[in-house]
Participant: 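Before I ask anything, let me first share the structure, which is written out below as structure tokens.
Within every chain, numbering begins at 1; the chains are lettered A, B, ... in the order of the sequence lines, protein sequences first and strands thereafter. For clarity, every value in this text was computed on a predicted model and none was experimentally measured. The analysis underlying the following values was restricted to heavy atoms, covering all of them including side chains, and did not include hydrogens, waters or symmetry mates.
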Amino acid sequence: MKINWKEIETKWREKWNENKDFETDPNDKPKKFITVAYPYPNSPQHIGHGRTYTLADVHARFYRMQGFNVLFPMGFHYTGTPILGMAKRVEANDKELINNLKNLYDVPEETIKEFVEPIKIANYFHQEIKAGMVEMGYSIDWRREFTTIDPAYSKFIEWQINTLREKNLIIQGSHPVGWCPKDQNPVSQHDTLGDVEPDFTEYILIKFNFGDYVIPTATLRPETIFGVVNLWVNPEIIYKKVTVNNEKWIVSKECAYKMEFLDKKITYDGEIRGSELIGKTVTVPHRGESIVMLPASFVKSETGTGIVMSVPAHAPFDYQALVDLKKSKIEPELSIKVNAITPISIIETEGYGENPAKETVEKFGILNQNDSNLDDATKEVYGKEFYGGKLKSNTEQFAGIKVAYAKDTIKEWLIKNKHADILLELTNTPVKCRCGSECVVKVLNNQWFLNYGDKDWKELATKCFDSMNILPQEIRSEFNYVIGWLRERACARQHGLGTKLPWDKDWIVESLSDSVIYMAYYTISKFVNDKTIVSNSLTKEFFDYVFLDEGDLDKVSGITKISPDIINKIKKEFHYFYPVDSRHSGRDLVPNHLTFFVLNHVAIFPQSNWPHEIVVNGSVLMNGSKMSKSMGNIIPLRKAITDYGADPIRLAIIISAELLQDADFNMESISGIQNKIETLFEECSKLKSEKLDILEAEDRWIKSKTQNMISHVTIAIEKMRLREALHDILFAFESDLNWYMKRVNAKNRKNISGILHEVNSSRIAMLSPFAPHIAEEIWEKLGHLGMVSTSRWPEFSPSNIDATAIQSEEYLKSIIDDIAKILKVTKITPQKITIYTADLFKSKVYHTILEKIVSGQTNMGIIMKELISDLDTQEVKKNPDFVQKTIKDILSEPTEIRRTKLESKNFNEKNFLVNELAGIGKREFNVEIQIFSESDSNIYDPKNKAKHARPFKPAILIE
RNA sequence: GCGGGAGUCGCCCAGCCUGGUCAAAGGCGUAGGGCUUAGGACCCUAUCUCUUAGGAGUUCGUGGGUUCAAAUCCCACCUCCCGCACCA
């Protein structure tokens, strides 16, 4: 039967809406506060976004059915720069973007025109995303919705950031950023052409003395200063003479330009040709030795300072340039100097001899200094020396130190002695701003930072993490690690949407800093939205009183002009819902948002309001590969809902992967799920609730199995192992139902509708958090009154598990299995099957052995001795084989079954088989099955098989 | 490099936390059968090796160890993937 998903989903969404089922206010019940990272509305959400929200919704719905008063709210994060960047691109008529908006996102053309205003973009996608969330059936309390640029929210952020500053957690300092010189703005990935992240490294500038001048050379390996034998200058380049903070430097034009942004004072004094420098000498800092400047074509003016120090023992470029120079025609005077140069080896590395550069150049078969393989050769030498090398005795006080460690030590030593400086440079040049101009690195020296490097703060956060539930458990160590390396983090920027820094209105609170404690704001936004309070009254005193229980009610009321009753009502609401019981997010937010979320909570709130749980999920793949605009494999969520229905999408996302794994979304999984649900729907539609007075063995069994399933599913969801839970409900349980149907059909029973109704009602109830719409529909078809989403979660009670029933069905299955195996091996067509169960004596021995094994004794010799020493069982010595096999039988069973058997000592195998095996056996194998106990007097045993019978392992004769 | 995760029977993937129901679920593929005018869809059966009695042998990256018992616990190694920041 085909399901009209859309019709059913609309029907139930309307009912939830009418009943206000998900509007949550404080009441007498215990609460759960479930939150998810709110979306950034710069595009419609796709299936990947849907995963996190769906997981959280399942969580919320599950708790609701378990009797909690669940608050699941949602907001929209307008703060940030990407939307601003988009607006600029729309204004610039960027074809790629407009094409994406039009075709990928289906934005109407008139709307796109309005997108030159950033707020219009945010508003549009806000509504788009919200509509998708509603269509997905998320059980959100929409009365609390807000955006992060609402005036009231800004008041809240001001309070947050002021509070942090009062606690001395916000500091000012300098910081390098990617920078557009034209826009006078920092650039991030979203602001560049081709979406490249500006990536920069720190070079050490070693300052060589050249008369009155300083010639700085840029290097990543300051330790090689001990191996410098000459400098490389490109004779083609015209260098600049500049004054840098009162020193006279000679550097390339490009270098001088870069330094203008690096917090240095630069004045231009003149020029000098590279060729003029050739043959002249400079002195090496610290050592005071004179070395010569030589020509090299590999030296580029745009890299570093345009002059390079030469370490031919360890740098392949330098070694090769020297070789080239020796081969070329140069003035005799210079030639003498060149020939006098010997590489100085300063690093000892396993696998290398005196000159690693030479060895590597030869290994790579380098032809000349413009050979492209030189980059790889350099990488290889640097890599090996950096991690495996040690400084030799000619490096003075650094002798014996590992290179990896020496790098920083020597850098600091050089800078301290004014022999060196720092140059920051983009590594992935050219990086172009969307305005077209080339970006640089800029040092901002009035930047505001959250001091996440603070030890006490970290300690507090660690304490919080230690007491938190982190799901899945594997991700916990990652949080500890992040806390470890976290340093100061810029918390303000100069453009974008958001809240201004209260004490420095040039800055806007950065988007990862204004989204860390906003869960608290959900308890207030409700009152803002219904106009109970207005943003102007949200002062420091108000927040201090409501959130921190600080200050005097009457005073607060006086200042805010809000009545004491209302203030207290809001405060009560906050303290009812807080702390956050569960925070959901994708794993990409682990090293930033989720960690900051904890850091900011512990900084601002008392321990009683620290969050309880974090749930982290992996991303969604589309047919096995990452979703990306360039691949064109992004499926907008709303389109998917239209095409397949919300419930199938929810189920497909959840069934395809466990929490932290990437979920692979594909059409097969969707249609598989649809089929499954359609079948379930059809079956359930036929069932009627009816009472069955006498339960048969298989009825008791399936009811027990249902209890087991309830237990498993409940435990799995508590740990957010939703894939496992859903799999149990939909698939794993199916094999139990199949067995049940087999048993029932063998007996030609017609009175099972009631049992199936009961069993499936539990299944549908448990399915309801996962596929809420269709579950309501089936619930209604099953004849239940009321909504399944507000019904009680099926209760697990161990007393409803009939251990004997479970064990005896297993017994029955194993006999049928054995018969099938024999038939398969022997390939005979059975005429008659005879079963012999073990006698009382064997049963007694069996239980004695079972007891011993359960109590831990598994040694055959000891068990045998103990059996013989007992009068009742001593006869067993005639049949040691039986004891050995029995031990093996028992050991190959799960421990629960062993215990069950211990509990049901009086289980009568023969009686059970006479009642239950004949029918199903006839059905399966199409022959009569006869059952004896081996001690029966009238036994039919032509092949003498009966004596092989063991308890729970009857002997079988097939003829 | 630092940190994290993973390696399972042709492929994808479950099981590992909590050792015994594990020759190991499910899906795909393959083979046979049913249904159908045919195809598709769907359903059934088989799918490590050997075996004419329910059995045995060899398997879960490699090599060790603990245990009566290891895919599961411990140690070492190999290979692959992800993150390392001012960006939502």
Participant: Compare the minimum distances between each of rC86(B), rG4(B), rC16(B) and the side chain of R489(A), then state the nucleotide with the smallest one.
Facilitator: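 In terms of side-chain proximity for R489(A), the closest of rC86(B), rG4(B), rC16(B) is rC86(B).
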
Participant: Taking atom C1' in both rG29(B) and rC9(B), what distance in whole Å separates the two?
Facilitator: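 To the nearest whole Å, 14 Å.
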
Participant: Return the set of residues passing salt bridge (charged side-chain N to carboxylate O under 4.0 Å, His left out) with R721(A) (not counting sequence neighbours), or none when no residue passes.
Facilitator: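 For R721(A) the salt bridge (charged side-chain N to carboxylate O under 4.0 Å, His left out) partners, ignoring immediate neighbours, are E724(A).
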
Participant: For rU21(B), what is the paired nucleotide under Watson-Crick or G-U wobble rules, both distances under 3.5 Å?
Facilitator: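 By the stated definition (distances under 3.5 Å), nothing pairs with rU21(B).
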
Participant: Does rU66(B) have a Watson-Crick or wobble mate here (both distances under 3.5 Å), and if so which one?
Facilitator: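 Pair assignment: rU66(B) / none.
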
Participant: Could you list the residues that satisfy side chain to side chain contact (heavy atoms under 4.5 Å, CB included) with K865(A), not counting sequence neighbours?
Facilitator: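 If we apply the side chain to side chain contact (heavy atoms under 4.5 Å, CB included) test to K865(A), skipping adjacent residues, there are no hits.
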
Participant: Checking contacts here: which listed nucleotide (rG15(B), rA88(B), rC2(B)) is nearest the side-chain heavy atoms of Y481(A)?
Facilitator: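 The nucleotide sitting nearest to the side chain is rC2(B).
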
Participant: Give me the distance, rounded to whole Å, that separates rC87(B) from rU79(B) when you measure between the C1' atoms they each carry.
Facilitator: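 Nearest-Å result for rC87(B) against rU79(B) at atom C1': 32 Å.
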
Participant: Applying side chain to side chain contact (heavy atoms under 4.5 Å, CB included), can you list everything that pairs with H46(A), at least two apart in sequence or on another chain?
Facilitator: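 With sequence neighbours excluded, H46(A) shows a side chain to side chain contact (heavy atoms under 4.5 Å, CB included) to H49(A), M627(A), I634(A), given in chain and number order.
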
Participant: When rounded to the nearest Å, what value does the distance between P atoms of rU45(B) and rA53(B) take?
Facilitator: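 The answer is 25 Å between these two P atoms.
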
Participant: With both distances kept under 3.5 Å, what pairs with rC42(B), Watson-Crick or G-U wobble?
Facilitator: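 The base-pairing partner of rC42(B), which may sit in any strand shown, is rG34(B).
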
Participant: Nearest to the side chain of W485(A), which nucleotide is it out of rA85(B), rG3(B), rG4(B)?
Facilitator: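 Shortest atom-to-atom distance from the side chain points to rA85(B).
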
Participant: Scan every strand shown for a Watson-Crick or G-U wobble partner of rG29(B), both distances under 3.5 Å, and answer none if you come up empty.
Facilitator: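 Answer to the pairing question: rU47(B), which forms a Watson-Crick or G-U pair with rG29(B).
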
Participant: Applying the Watson-Crick and G-U wobble criteria at under 3.5 Å, what pairs with rC80(B)? Answer none if nothing qualifies.
Facilitator: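 The base-pairing partner of rC80(B), which may sit in any strand shown, is rG5(B).
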
Participant: Test of understanding: with salt bridge (charged side-chain N to carboxylate O under 4.0 Å, His left out), list the residues that count as partners of E202(A), not counting sequence neighbours.
Facilitator: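 By the salt bridge (charged side-chain N to carboxylate O under 4.0 Å, His left out) rule, E202(A) matches K411(A).
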
Participant: Mind checking salt bridge (charged side-chain N to carboxylate O under 4.0 Å, His left out) for K947(A) and listing every partner two or more places apart, or none if nothing turns up?
Facilitator: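 Expected list: none.
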
Participant: Go through the structure and list residues passing side chain to side chain contact (heavy atoms under 4.5 Å, CB included) with I822(A), not counting sequence neighbours.
Facilitator: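 Partners of I822(A) under the side chain to side chain contact (heavy atoms under 4.5 Å, CB included) test: T826(A), I956(A), I958(A).
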
Participant: Reading nucleotides 48-54 of chain B from the 5' end, what letters show protein touch, with B for base, S for backbone sugar-phosphate only, - for no heavy atom under 4.0 Å?
Facilitator: ----SBB

Participant: Would you please name every residue forming a ring-ring contact (aromatic ring centres under 6.0 Å, His included) with Y518(A), sequence neighbours left out?
Facilitator: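 Partners of Y518(A) under the ring-ring contact (aromatic ring centres under 6.0 Å, His included) test: Y38(A), Y522(A).
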
Participant: Check side chain to side chain contact (heavy atoms under 4.5 Å, CB included) between N480(A) and all other residues, then give those that pass, not counting sequence neighbours.
Facilitator: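 Counting only residues at least two positions away or on another chain, N480(A) forms a side chain to side chain contact (heavy atoms under 4.5 Å, CB included) with R476(A).
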
Participant: Side chain of L891(A): nearest nucleotide among rG20(B), rG83(B), rA88(B)?
Facilitator: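 When the side chain of L891(A) is considered, rG20(B) is the closest of rG20(B), rG83(B), rA88(B).
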
Participant: Return the polar atom pairs (N/O with N/O) between nucleotides 56-59 of chain B and the protein under 3.5 Å, or none.
Facilitator:
from    : atom 1 : to      : atom 2 : distance (Å)
rA56(B) : OP1    : K888(A) : NZ     : 3.2

Participant: What does rG54(B) pair with, Watson-Crick or G-U, if both distances are under 3.5 Å?
Facilitator: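 The answer is none; no pair meets the criterion.
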
Participant: If I take atom NE2 from residue H712(A) and atom CG from residue D728(A), how far apart are they, to the nearest 0.5 angstrom?
Facilitator: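 Interatomic distance, H712(A) NE2 to D728(A) CG, rounded to 0.5 Å: 7.0 Å.
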
Participant: W739(A) and E809(A): side chain to side chain donor-acceptor pair (under 3.5 Å), yes or no, with the steps?
Facilitator: CA-CA 9 Å; W739(A) 172 254; E809(A) 290 300 309; 2.8 Å; yes

Participant: Applying side chain to side chain donor-acceptor pair (under 3.5 Å), name anything that partners Y452(A), two or more places apart in sequence or on another chain.
Facilitator: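 Expected list: N600(A).
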
Participant: Pull out every protein N or O sitting under 3.5 Å from an N or O of nucleotides 25-28 of chain B, one pair per line with the distance.
Facilitator:
none

